[in-house]
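First up is the structure itself, then whatever we jot down about it.
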Amino acid sequence: MNATLLGVRRLDHPNLDDVPLAKALSALGDPVRLAIVRGLSDGEEHQGAQFEVRVSQSTLSHHFTTLRGAGVVFIRPEGTRCWHSLRPEFEQRFPGLLAAVLAQD
């Protein structure tokens, strides 16, 4: 859910204790989302436009929203842009899951 605080856009990220394994696996089961996660696995922040996936901007936003809702990514708004990164806490919640999923491709 988007919220505004003193004119600054803020995105809510789920408490990872509330994210079931099935939701995380579902988010990681889509080829486009998997490509996004692979791109973010370098540990850096990226803007959505940096990902070479063949989907519209609105579909790409939907994929990022799904990944955020599953606790996989952190999205940091900055002005009119958003920066995306993997949530380090995800590894603590589901140890080895990202590595295992990324190794399967």
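This chain uses plain numbering: 1 for the first residue, then up along the sequence. Every value quoted in this text rests on a predicted model; they were computed, and no experiment measured them. Side chains included, hydrogens not; waters and symmetry mates left out as well; all remaining heavy atoms used.
- Taking OG from S41 and CG from L102, the interatomic distance works out to 5.5 Å, rounded to the nearest 0.5 Å.
- Remark: the S61 side chain and the S58 side chain contain no N/O donor-acceptor pair separated by less than 3.5 Å.
- The existence of a salt bridge linking R93 and E91 is excluded, since no basic side-chain nitrogen approaches an acidic carboxylate oxygen closer than 4.0 Å.
- Summarising the geometry, atom CD belonging to E44 is positioned 10.0 Å from atom CH2 belonging to W83; distances are rounded to the nearest 0.5 Å.
- Note: F74 and H84 fail the aromatic proximity criterion, with ring centroids not under 6.0 Å apart.
- Distance check: H62 NE2 to L67 CG gives 9.5 Å after rounding to the nearest 0.5 Å.
- Between L28 and R33, the closest side-chain pair of non-hydrogen atoms is not below 4.5 Å.
- I75 CD1 to L11 CG: the interatomic distance, rounded to the nearest 0.5 Å, is 6.0 Å.
- Rounded to the nearest 0.5 Å, atoms NE2 (H46) and SG (C82) are 15.0 Å apart.
- Looking at heavy atoms from C-beta onward, F90 lies in side-chain contact with L16 at the 4.5 angstrom threshold.
- Proximity of P20 to K23: side-chain heavy atoms (C-beta onward) are separated by under 4.5 Å at one or more points.
- What you find for A70 and A27 is that their closest heavy atoms are CB-CB, 3.5 Å.
- Contact between H13 and V73 at its shortest, heavy atoms only, is CD2-O, 3.7 Å.
- Looking only at side-chain heavy atoms (C-beta outward), D30 and L34 stay at 4.5 Å or farther from each other.
- Within the 4.5 Å cutoff, the side chain of I36 has heavy atoms near those of the L60 side chain.
- Looking at every heavy atom in both residues, A24 comes nearest to L97 through CB-CD2, 4.3 Å.
- Taking CZ of R68 as the start and NE2 of H63 as the end, the distance is 14.5 Å to the nearest 0.5 Å.
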